[in-house]
Amino acid sequence: MSKLLIVGSVAFDAIETPFGKTDKILGGAAPYIALSASNFNISSAVVSVIGEDFPEEYLSMLQKKNIDTSAVEIVKGGKTFFWSGKYHNDLNSRDTLDTQLNVLADFNPVVPENYKDAEIVVLGNLNPLVQLSVLEQLTSKPKLVILDTMNFWMQEAFFEDLRKVIAKVDVITINDEEARQLSGEYSLVKAARVIEKMGPEYVVIKKGEHGALLFHEEQIFFAPALPLEEVFDPTGAGDTFAGGFAGYLTKTGDISFENMKNAIIHASNLASFCVEKFGTERMENLNREEVQKRLKQFKELTQFEIELS
């Protein structure tokens, strides 16, 4: 069975949206990525760090989804990474109310021996030096390395380290605002070309409720987001997208541009579920029938026939 290695934060989130608010719930990039990828019945492992305050029930839930958590370090006496945010009415913008790095501040990832030859690696949003250290531990070159990052790491203090990571990956997934910041170009087509020159063969630009774009050389593919009646919480949607993308490619073993188109659709499909409940709740309880039914909706949304004269 193909193996997927996931490196990212495991956290507590406290979220407020126009539809309600939560106290501390499961968050961080890694759970969203792993739960999304688990829909493809693959072997995956999470590399992360948590404090002694982290509930065992969360780890058990991940393990029941065939997600290996043995490389999640538990720091004795430590406190788990915590983030709190409040979304504006449009749900596209938010204010960070509190960030406590806690044990994540000194995170030194250790890749488990049986995943040092993983076919696909997802580097979730973390300090670029942490991401680099993961790549240095691998014993063989993966078929695909997928990088997710954000505008925080594009600041001058981290930018050179980020450039080093970008040069070593095959795919980068970022949102439209981050693509413009990283490239210095407003046009997303021009932005993708600039970013490709930094190293990645493929650039995925996420546009939230407006879908996602996949770029490779002169080829471009666009996948819409499914129009939803209710959106409760967009937290983790981008990580869910990355997990769906990586999970599908791990399952199929085909990393061609044509198959990446399918991966983008599967990724968008799974992300559409994530936003329907707070935190990871929807992804924890998702079943195959729901996924297949919504995939059919995606197909109907985008399929058409047209005569070209």
Side-chain angles (χ1 to χ4, degrees), residues 17-18 29 32-33 36 85 87-96 122-125 146-154 166 169-196 198 200-249 257 260-276 282-283 294-295 297-304:
T17 79
Y32 285 104
I33 295 170
S36 184
Y87 285 87
H88 298 180
N89 285 337
D90 64 358
L91 294 177
N92 288 321
S93 53
R94 70 187 185 191
D95 297 321
T96 292
V122 180
L123 300 174
N125 174 38
I146 302 165
L147 170 71
D148 189 57
T149 190
M150 65 178 293
N151 49 10
F152 180 81
W153 306 114
M154 297 174 194
I166 293 173
V169 305
D170 305 293
V171 183
I172 183 171
T173 69
I174 48 178
N175 68 31
D176 45 1
E177 177 189 344
E178 293 157 351
R180 291 181 173 118
Q181 181 176 341
L182 182 60
S183 66
E185 294 284 354
Y186 184 80
S187 159
L188 294 181
V189 176
K190 289 182 179 178
R193 286 174 182 160
V194 170
I195 295 167
E196 279 184 18
M198 296 179 183
E201 281 190 61
Y202 304 90
V203 177
V204 178
I205 299 179
K206 300 170 289 186
K207 292 168 59 63
E209 63 181 318
H210 303 297
L213 289 156
L214 170 66
F215 296 88
H216 173 59
E217 297 176 346
E218 298 301 313
Q219 298 174 293
I220 303 174
F221 176 71
F222 171 73
L226 193 70
L228 299 171
E229 288 187 22
E230 294 182 314
V231 176
F232 277 86
D233 174 22
T235 310
D239 295 313
T240 302
F241 179 96
F245 182 77
Y248 179 80
L249 294 175
F257 182 79
M260 283 193 187
K261 292 180 183 180
N262 294 327
I264 290 283
I265 296 294
H266 281 275
S268 298
N269 186 43
L270 288 165
S272 75
F273 287 105
C274 176
V275 301
E276 292 181 334
R282 189 69 173 94
M283 301 309 295
R294 192 164 289 184
L295 269 176
Q297 288 179 269
F298 260 96
K299 186 175 181 180
E300 291 170 351
L301 180 70
T302 57
Q303 197 172 44
F304 60 89

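Here the structure is a predicted model, which is why all the values come from computation and not from measurement.
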Contacts of type side-chain contact (heavy atoms from CB on, under 4.5 Å), residue Gln219, not counting sequence neighbours
His216, Phe257

Contacts of type salt bridge (Lys or Arg N to Asp or Glu O under 4.0 Å), residue Arg94, not counting sequence neighbours:
none

Would you check, one step at a time, whether the test side-chain contact (heavy atoms from CB on, under 4.5 Å) holds for Leu123 with Thr149?
CA-CA 8 Å; Leu123 300 174; Thr149 190; over 6 Å; no

Does any part of the side chain of Cys274, heavy atoms only, come nearer than 4.5 Å to the side chain of Asp239, both counted from C-beta?
no

Do Thr235 and Tyr32 have side-chain N/O donor and acceptor atoms under 3.5 Å apart?
no

Suppose we screen for salt bridge (Lys or Arg N to Asp or Glu O under 4.0 Å). Which residues come up paired with Glu276, at least two apart in sequence or across chains?
Arg282, Arg294

Does Asp233 have any salt bridge (Lys or Arg N to Asp or Glu O under 4.0 Å) partners at least two apart in sequence or in another chain, and if so, which?
none

May I have the list of side-chain donor-acceptor pairs in residues 200-211 shorter than 3.5 Å, sequence neighbours left out?
residue	atom	partner	partner atom	Å
Lys206	NZ	Asp148	OD1	3.1
Glu209	OE2	Asn92	ND2	2.8

Is Phe298 close to His266 at the side-chain level, that is, under 4.5 Å between some pair of heavy atoms?
no

For Ser93, the side chain to side chain donor-acceptor pair (under 3.5 Å) test, sequence neighbours excluded, returns His88, Asp90

For Gln303 and Glu300, indicate whether the former's side chain and the latter's backbone hold a donor-acceptor pair under 3.5 Å.
no

Measuring only between side-chain heavy atoms, which start at C-beta, is Val189 closer than 4.5 Å to Ile220?
yes

